[in-house]
Amino acid sequence: MAENEYDAIVVGSGISGGWAAKELTEKGLKTIMLERGMNIEHIKDYTEANKEAWDYPHRGKRTQKMIEEYPALKRDYPLNEINLNWWASDKDSPYSEVKRFDWFRGYHVGGRSLLWGRQSYRLSDMYFEENARDGIAIDWPVRYNELAKWYDHVESFAGVSGSKEGLPELPDGQFLPPMDMNCVEKDVAVRLKEHYKGIRKMIIGRTAHITAPHADRQQCQFRNKCWLGCPFGGYFSTQSSTLPAAMKTGNLTVRPWSIVTKILYDKDTKKATGVEVLDGETNKTYVYKAKVIFLNASTFNSTWILMNSATDIWPDGLGSSSGELGHNIMDHHLNVGVSGEIDGYDDKYYFGRRANGFYIPRYRNFFGDKRDYLRGFGYQGSASRQGWNHDVSEYSIGSEYKEALTEPGGWTLGMGGFGETLPYHENKMTLDKTKTDKWGLNIISFDAELKDNELKMRKDMLEDGKEMLEAMGAKNVKGSDTNPYLGRGIHEMGTARMGADPKTSVLNKFNQVWDAQNVFVTDGSFMTSAACQNPSLTYMAFTARAVDHAVEELKKGNI
C-alpha cells in the first residue's frame, strides 16, 4: 500500500470516531485516525487524576485572566484551572454567533469521550416515530428493531451499568450490575411511583461505568474525578476501550495534530478519494487517500468539513444538494432545576463519590398525556448530604464551629430537566467567511435558538419538578430557570440528518452521504430528531452498524 494510502480514514477520535476505528480495524481494514488536536495517552497523560482542590493555586476554580481569555467557555463549568487544556481554546478556535450559542468541545485524542457525562440510554420507537406522527421535519429512516442488536453490541463492549425496568419508553440493555441508590433516593423513588401510579418513575442512571470486572479495565472506584481521565479505565472512553482494541489489530495508525480541511471528491466516479489535512503544528498540507471515509469530527466540525468540500460541484459543499446541510441544529435545553431539603435521615450516610445519579424518564406527551407543546423531558439528579463546607447558622467562629464542621449537614434532593428541541430548519450553522481561526481557516457561525415549543416545555419542567419534590416529602423547595440557550447540553445534533429521500436529507439510513456513498457520517450530525435522553449510546450503535454496512458494500464493490 502506498504511503498515505489506507483502506479507511476516520476523522476524529471521540466517542463515535473511536468506535469507527475499532470496528473497521477488527474487520481487517488498514485505517488511519486523524485527530485535529494533541495526543493524550491513557494513564500517562492523566496528569491531574490524583490531585485534589488544594493542589491548585486557586483550588481548581477560574481566575480573572481565564475569564478574560475565554469569553465563551466562561459561560459554564468547563472554565477551570484543573483540565482547561482539554477544552478548545476560544482564542485559537473562535466561532461567531448570530444568536447566542454555547459551544464547548475538546480537541485532542479521545475528544469528549474523556469529558462526557457518561449517561447512556437507548431510543425506543416512541422516539423514532414521533417526527412522522407529529408532522415535524422528516421521518427517521430506521426503527428500533433495526438498532437493537447494535445497542447490544456497543453496550456489551463499552460496559454500561443499569437496572432492567421493562419500560416501553426506555428499552433495557446489556447491563452490568447497577450502582445503588442511596437511602433517600430509594425512599423517594417509592413515594414517586405510588403518588403518580407508576406513570412517573425514578431509576438509577444508566451509565458507562463498569461495576464488575470487564475486559482489561478496573471497575469504577467511586472517586468522581472522571473528567480528569480515569487511570483505572472505570468509564468508557476512546483511550480505555476502543483505541486499545483497534491498536491490538495492528491495523490502526493514529495521527494527532491533523486538521482535516476537506474531503477530496471525484466527480466522475461520484466517490471521495481521500482528505486534505493541515498539520496543526507545522501548517504543512498533506493528502491521505482511502476507499472509505468516516466523518466523526463532532457534529459541527463534520458539517464544516462537508461545507468545505466539493464546492466546485456544489457551492454549499459535499452533501448540500438537499439544502439541509448545516440546518436542523438540535441540543437538549437545560438549566431548569429544582432542589429541596429532606428530613429524617440524619443517622444515614453513603460510601464514596458515586459518579452517577437517578433518572426520571420522560412522561409528558406519552401514555395518553397531551400538552400544549410537542415532545417532553426527563430529569437527572441525586440526593446527598452537605459536606464540610455547609453553613452552620448558629456558629461563625471558634471551637464550636470547627466541631460542627466535622459532622455532615442536612440531606438535600436536587434534579435538572433535559428537554427535547425540535429540528427547526431555520436553526443552522454557516461558514463565517469574514473571520478565521489560528490556522487561517474560516470559522463557524451559529444562528439557532429555542422557540415557543421549548419555552412552553420549560414551564412544565420547572413546575413539575417542584411538584414532584414536594410529593416526595421535600421541604423548602426552590426552582430556577436560567440561560435558555442552545449548546449548554453539549449534545449538539442535526446539520447532516439521515432520511429516506436525498431531496430532504444529507445521509441515507446507513449514514452514507447521498452525494458520495463511500463517505459515512456517524457522530451527532445524522440525528433526525433529538429525543430527550443523552445521545452518545445511539451514536455508538449507529457507528457500528454503519461500519458493518460499509465493509459489506466494499466487498460487493458497491463503494
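Throughout, residue positions are numbered sequentially from 1 according to the sequence presented. FYI, side chains are in, hydrogens and waters are out, and symmetry mates aren't considered; it's all heavy atoms of this structure.
Salt bridge annotation for E146-K509: present, with a cationic side-chain nitrogen under 4.0 angstrom from a carboxylate oxygen. Comment: R191 does not engage E194 in a salt bridge, judged by the lack of any side-chain N to carboxylate O separation of less than 4.0 angstrom. Between D460 and K456 there is no salt bridge, since no side-chain N of the basic residue sits under 4.0 Å from a carboxylate O of the acidic one. The pair E165-K193 does not meet the salt-bridge criterion, since no charged nitrogen lies less than 4.0 angstrom from a carboxylate oxygen. A salt bridge is defined here as a Lys NZ or Arg NE, NH1 or NH2 lying under 4.0 Å from an Asp or Glu carboxylate O, and D134 with R375 meets this definition. With salt bridges taken as basic N to acidic carboxylate O contacts below 4.0 Å, one links K27 and D548. Checked for salt-bridge contact, R206 and E155 miss the test: no charged N lies under 4.0 Å from a carboxylate O. Comment: K271 does not engage E553 in a salt bridge, judged by the lack of any side-chain N to carboxylate O separation of less than 4.0 angstrom. Checked for salt-bridge contact, E130 and R133 meet the test: a charged N lies under 4.0 Å from a carboxylate O.
Using a 4.5 Å heavy-atom cutoff, the side chains of F377 and V336 are not in contact. Between Y235 and W116, some side-chain heavy-atom pair lies under the 4.5 Å cut-off. Residues R364 and M457 fail the side-chain proximity criterion, which asks for heavy atoms closer than 4.5 Å. Side chains of V506 and V521 form no contact here, defined as non-hydrogen atoms less than 4.5 Å apart. For the pair H214/Q219, no side-chain contact is recorded, criterion being any heavy-atom separation below 4.5 Å from C-beta on. Between I136 and P423, the closest side-chain pair of non-hydrogen atoms falls below 4.5 Å. Looking only at side-chain heavy atoms (C-beta outward), M468 and M202 stay at 4.5 Å or farther from each other. Side-chain contact between N518 and I293: absent, with no pair of heavy atoms (C-beta onward) separated by less than 4.5 Å.
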Pair up each side-chain donor or acceptor in residues 477-487 with any protein partner under 3.5 Å, not counting sequence neighbours, and list the distances.
{"residue": "D481", "atom": "OD1", "partner": "R458", "partner atom": "NE", "Å": "3.2"}
{"residue": "D481", "atom": "OD1", "partner": "R458", "partner atom": "NH2", "Å": "2.7"}

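Annotation: Y151 is not in aromatic contact with F542 [ring centroid separation under 6.0 Å not met]. Between W304 and Y95, the distance from one ring center to the other does not fall under 6.0 angstrom. Between W19 and F157, the distance separating the two ring centers is shorter than 6.0 angstrom. Close placement of the F446 and F300 rings is indicated, their centers lying within 6.0 Å of each other.
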Note to self: Determine whether T303 and T495 satisfy the following criterion, side chain to side chain donor-acceptor pair (under 3.5 Å), listing intermediate values before the conclusion.
What the structure shows: CA-CA 7 Å; T303 297; T495 69; 2.7 Å; yes
**Asked** What do the steps show when you test M429 against D447 for side-chain contact (heavy atoms from CB on, under 4.5 Å), and what is the final call?
**Response** CA-CA 6 Å; M429 58 166 279; D447 184 359; over 6 Å; no
- Please lay out, stage by stage, how N534 and Q380 fare under the test side chain to side chain donor-acceptor pair (under 3.5 Å). CA-CA 11 Å; N534 307 59; Q380 297 180 25; 2.8 Å; yes
Practice problem: Kindly determine whether W103 and E97 satisfy side-chain contact (heavy atoms from CB on, under 4.5 Å), including the steps that lead there. | Solution: CA-CA 10 Å; W103 190 23; E97 299 166 283; over 6 Å; no
side-chain contact (heavy atoms from CB on, under 4.5 Å) assessment of M527 paired with Y539
CA-CA 9 Å; M527 296 287 280; Y539 305 167; 3.9 Å; yes
Q | salt bridge (charged side-chain N to carboxylate O under 4.0 Å, His left out) assessment of R497 paired with E324 | A | CA-CA 8 Å; R497 71 184 181 193; E324 296 297 333; 3.6 Å; yes
Go through Y363 and D369 one step at a time and tell me if the side-chain contact (heavy atoms from CB on, under 4.5 Å) criterion holds. CA-CA 8 Å; Y363 52 87; D369 177 74; 5.9 Å; no
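With rounding to the nearest 0.5 Å, the separation of NZ in K262 from CG in L306 is 13.5 Å. Atom OG of S536 sits about 9.0 Å away from atom CZ of F236, to the nearest 0.5 Å. Here the SG-CE distance, from C532 to M461, works out to 9.0 Å after rounding to the nearest 0.5 Å. Distance CG/N131 to CG/L422: 8.0 Å, rounded to 0.5 Å. Here CG of L243 is found 7.0 Å from OG1 of T238. Values are rounded to the nearest 0.5 Å. Between the CZ atom of R118 and the CD1 atom of I15 there is a distance of 10.0 Å, given to the nearest 0.5 Å.
Side-chain contact, N301 with Y107: a donor N or O sits under 3.5 Å from an acceptor N or O. Y373 and E420 share no donor-acceptor pair across their side chains, judged by distance under 3.5 Å alone. Counted by atom type alone, E492 and T299 present zero donor-acceptor pairs between their side chains at under 3.5 Å. Side-chain polar atoms of D515 and S321 form a donor-acceptor pair below 3.5 angstrom. Judged purely by distance below 3.5 Å, without hydrogens or angles, the side chains of S16 and N296 pair a donor atom with an acceptor atom.
Minimum heavy-atom separation, T211 to P177: OG1-O, 2.6 Å. A pairwise comparison of heavy atoms in I204 and P178 identifies CG2-CB, 3.8 Å as the closest pair. When all heavy atoms of E169 and S124 are compared, the closest pair comes out as O-OG, 3.6 Å. Between L73 and A88, the shortest heavy-atom contact is CD2-O, 4.4 Å. I9 and A290 get closest at one heavy-atom pair: CG1-CB, 3.5 Å. Heavy-atom minimum distance, L374 versus K370: CD2-NZ, 4.3 Å.
Note on ring orientation: taking the six-membered ring where Trp is involved, the planes of W150 and H153 are perpendicular (angle over 60°, cut-offs 30° and 60°). By the 30° and 60° cut-offs, the orientation of the rings of W87 relative to F104 is perpendicular. H491 and H332 have perpendicular rings, their planes meeting at more than 60° on a 0 to 90° scale where under 30° would count as parallel.
Screening D464, I203, L192 against I360 for a side chain to side chain contact (heavy atoms under 4.5 Å, CB included) leaves a single residue, L192. When each of T522, D523, T538 is checked for a side chain to side chain donor-acceptor pair (under 3.5 Å) with T543, only T522 meets the rule. When each of W514, F526, F520 is paired with N508, the side chain to side chain contact (heavy atoms under 4.5 Å, CB included) condition holds for W514 and for no other.
A 6.0 Å sphere centred on NZ of K459 holds no more than 12 heavy atoms belonging to other residues, nucleotides or ligands. Within 6.0 Å of atom NZ in K270, 12 or fewer heavy atoms from other residues, nucleotides or ligands are found, so the atom counts as exposed in its surroundings.
Under the 3.5 Å distance criterion, the side-chain polar atoms of S13 are matched with a main-chain donor or acceptor of G110. Remark: the backbone N or O of A383 is paired with a side-chain donor or acceptor of E185 at under 3.5 angstrom.
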